[in-house]
Structure formats: C-alpha cells, structure tokens
Amino acid sequence: MLNMPPTVSVIIPTHNSSKTLGACLEAIRRQRHPVTEVIVVDDASTDDTRAIARRFPCRLLVTDRNGGPAAARNRGISASTGELLFFLDSDCAPEPDALANALAILCEQPDVACVHGIYALEPLVDDGPVEAYRLLHGHHWRLRHVGRVRTTLFAICLIRREVFTSVGLFDENLRASEDVELGDRMGDRYGVVLTDTVVCRHDDDSRLGALLRKQFRRSQLLIPVALAERGPAGIRANSPAGLLTATLVPASVLLAPLTGGWPLVTLLCFALFSVAEPSLLRFVLRQRGPAFTAFFFAVHLMVQLAVVTGAVVGGLRHLTDRDFGPTRVTAAKTSR
C-alpha cells in the first residue's frame, strides 16, 4: 500500500488586510506541495478583506468582534481537518517551495513537530526605508537563530495537529507573544526547528510613528510571558546588550548639566549602542552600505527605547492587574 502524503490545512488569520491578502493567497496557490484546504479567518475587518478572500478557493470564517490573532488562529484550528497545519500571517507571501521544504524537515526528523521560517530581505510591497530597516533586522535575528530552538513563531509555520491536542490552543488572553507562549508549553516534548529554507516575503511596518507605538504595545507582554516561561529563554529579537546600551543615549542627554561636553558624550553612547551587536552592524553594512547603516541605527535606537519603555510599563501592569499576561499565570495567582 502506498504511503499517502499528510493532509495540510492552511490557516490565515486576518484583520484589515486588503493590501496583502491577495498576494498571500496567490502564493499559497503556487506552492509546489498541494494543500488540502485554505481557511481564512477574518477578525472583524472593516475594509475589503472579505471580498478579496472570496476571489480565491478558500473557506472564509468571519467574526463580528475583533478577538486578536490567538482567537482567530484557534477558530481556524477548530474548523480545519488537516493532519498538518500551515499557519501564515496575511501580510506574508511564502516562496513556492516553502511548504515542501517545511514538510521535508518534518519527514526527515520525526521528533520535530514544528517548523517555522524567516522573512526575505525583499518586501512584499516596497514602502520605503523604515520597512527596509524592519526587514533587515527581522531577517538578521531569525537567521542568527536558525536550527533547533525552543520558541515557535507563527508568521510562517508548519505544525502537527497533535501538538494542540496535547498542550492546548493559543492563549486568547494574549494579543501578542501568543505564539511564544505556546512554544513554551510545548517545552522539550516537541522538537522545533527554525529554518532558512522556509522563506516568505513580508509587508512590514513602514511608518515610524506606527512602528514605535506597535513596539511599545507589544513589548508590554515581554515580562509577563518571560516570568511564565518553564524552560530556558527562547529566541529574542533584541539582545540585552542592545537594549542596555540604548538606554545610555537618553540618559546622557538627561545628565547634560553634569557634563560639560554632553553632545560628545551622547555621540559616544550612540556609537557604543551601534557596536553592541557586532554581527548586526556587519550585516547592515554589507547589505546596504554606510549611509543606510547610520539611518538603520537611528531608527533602531528609537525602537529599542520603545521596547524598554513598553517592557517597564508591562511589568508594572503585571504587578497591579492579575488579568494582564498569560492565562496560566493568572490562574496560578488566583489559586494562592
């Protein structure tokens, strides 16, 4: 009897994604490995997202209230039938061999239950220098962690259905880091691989103000999720050295009355911040040259400061609001 290939359900959570959803679904149609079904979960969009989804051979699920990516993914899981679930963010367009390459890793390494990939350096839609910064940074930190990891990232991810049966679904109390929290629950029971053979083009943030607000908002969950981790810390997009040295730059400005030549001190602090991650500095220089590298680290400084500020605010919220953070942490507090 011939071995039949596993069935694959594609699950795409989406909210106001009319700009990119068509490219995402078109990329699914071009996959070398066939898929069993495509499920688009529209999380209360107010634009033309649903109309675009209906142009493609997919099943469209619609929610009346925005519940966040965890809730949308959970609804997709419940509606799907595949043995394997291929998750995609609606602003990602996988390369034609992405699914086949992820499936090959699962077949070659039976202890692996989850394979996720990286962003390409080329954007899905070119929206300017801020987006170029985001893609360079996102590509670099994912590439740095390629191999066996403890963290799951679901922008582009193939996972065995049995994982959700065993550890449960996404924590709907989280509107960010829900995939990281799920990976922590998987622990050492399921192998996880981050690979550079599974690649997607991504439409990333392109406006600086919106990017900083997003980083501030998302980083508020860093401390609550980290405190809930059962094992060693997993993938981190930002290094402790980069975050620490970033805080020195505004600190040097605040201390200006105590230092005679404060512009020089601030410039020295910025230089220290720029070399805090040598591999990142070399990577950006190699890819885009000195002029863009200066721009890159100016934006990177603002992003790091938004992350630090958000983490501090989130830590304080975690102390004062028992409902802020992963559900299982809340339950543990309540039982005391």
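None of these values were measured; they are calculated from a predicted model. The analysis underlying the following values was restricted to heavy atoms, covering all of them including side chains, and did not include hydrogens, waters or symmetry mates.
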Which heavy atom in [X] sits nearest to a heavy atom in [Y], and how many Å separate them?
X	Y	answer
Leu221	Ser177	CB-OG, 4.4 Å
Cys92	Ala155	SG-O, 4.1 Å
Ala306	Ser219	O-OG, 3.6 Å
Leu174	Gly325	CD2-C, 3.6 Å
Leu121	Leu135	O-CD1, 3.8 Å
Ser18	Asp47	OG-OD2, 3.0 Å

Could you check whether any side-chain heavy atom of [X] comes within less than 4.5 Å of a side-chain heavy atom of [Y], counting everything from C-beta outward?
X	Y	value
Val38	Arg59	no
Thr247	Leu243	no
Leu136	Phe292	yes
Arg189	Val167	yes
Leu158	Leu99	yes
Glu181	Asp184	no
Glu178	Phe154	no
Leu212	Val303	yes

Between [X] and [Y], is the ring centroid distance below 6.0 Å?
X	Y	answer
His202	Tyr119	yes
Phe170	Phe164	yes
Phe283	His140	yes

Side chain of [X], backbone of [Y]: donor and acceptor closer than 3.5 Å?
X	Y	result
His116	Thr151	yes
Gln31	Glu95	yes
Arg317	Val313	no
Thr14	Ser90	no
Asn173	Asp323	yes
Ser17	His15	yes
Asp171	Thr327	yes
Ser45	Asn16	yes
Thr245	Gly242	yes
Thr266	Val249	no

Please determine whether a side-chain nitrogen of the Lys or Arg among [X] and [Y] lies less than 4.0 Å from a carboxylate oxygen of the Asp or Glu.
X	Y	value
Arg75	Asp42	no
Glu229	Arg236	yes
Asp43	Arg65	no

Would you check if there is a donor-acceptor pair between the side chains of [Y] and [X] at a distance under 3.5 Å?
X	Y	result
Arg161	Ser80	yes
Arg148	Gln109	yes
Asp203	Thr20	no

Could you give the distance from [atom1] ([X]) to [atom2] ([Y]), rounded to the nearest 0.5 Å?
X	Y	atom1	atom2	value
Leu21	Ile52	CG	CD1	6.0 Å
Asp126	Glu131	CG	CD	6.0 Å
Ile118	Asp196	CD1	CG	5.0 Å
Arg30	Asp97	CZ	CG	14.0 Å
Glu277	Asn238	CD	CG	7.0 Å
Ser78	Leu169	OG	CG	5.5 Å

State whether Phe56 and Arg29 meet the cation-pi test: NZ (Lys) or CZ (Arg) under 6.0 Å from the six-membered ring centroid, and within 45° of the perpendicular axis. no
Can you get from [X] to [Y] by hopping between Ile, Leu, Val, Met, Phe, Trp and Tyr side chains that sit under 4.5 Å apart?
X	Y	value
Phe296	Met302	yes
Val146	Val199	yes
Leu61	Val8	no
Val115	Ile159	no
Leu244	Ile223	no

Apply the test side chain to side chain contact (heavy atoms under 4.5 Å, CB included) to residues Asn101 and Arg32: give CA-CA distance (whole Å), side-chain angles for both, the deciding distance (0.1 Å), then the verdict. CA-CA 10 Å; Asn101 290 344; Arg32 286 199 292 109; 4.1 Å; yes
Can you classify the ring geometry of His137 versus His300 as parallel (below 30°), tilted (30 to 60°) or perpendicular (above 60°)? tilted
Parallel, tilted or perpendicular: which describes the rings of His145 and Trp141, with under 30° parallel and over 60° perpendicular? perpendicular
Only pairs under 3.5 Å count here: list side-chain donor-acceptor contacts from residues 81-89, not counting sequence neighbours, and write none if there are none.
residue, atom, partner, partner atom, Å
Thr81, OG1, Glu37, OE2, 3.1
Glu83, OE2, Thr7, N, 3.0
Glu83, OE2, Thr7, OG1, 3.3
Asp89, OD1, Arg73, NH2, 3.1

Would the number of heavy atoms belonging to other residues, nucleotides or ligands and lying under 6.0 Å from CG of Asp111 be above 12? yes
Using the side-chain hydrogen bond (donor to acceptor under 3.5 Å, both in side chains) rule, take Thr152 and Asp179 through it: C-alpha gap first, then chi angles, then the decisive distance, then the call. CA-CA 6 Å; Thr152 54; Asp179 47 358; over 6 Å; no
Could you walk me through whether Leu211 and Asp204 pass the side chain to side chain contact (heavy atoms under 4.5 Å, CB included) test, one step at a time? CA-CA 9 Å; Leu211 168 60; Asp204 221 315; 5.9 Å; no
So, using side chain to side chain donor-acceptor pair (under 3.5 Å) as the criterion, who are the partners of Thr165 when residues are at least two apart? none
Are Ile105 and Thr195 close enough, and set up right, to give a side chain to side chain contact (heavy atoms under 4.5 Å, CB included), and what steps lead you there? CA-CA 9 Å; Ile105 292 175; Thr195 176; 3.8 Å; yes
Verify side chain to side chain contact (heavy atoms under 4.5 Å, CB included) between Arg160 and Cys114, making sure each step is shown before the conclusion. CA-CA 7 Å; Arg160 301 186 195 274; Cys114 176; over 6 Å; no
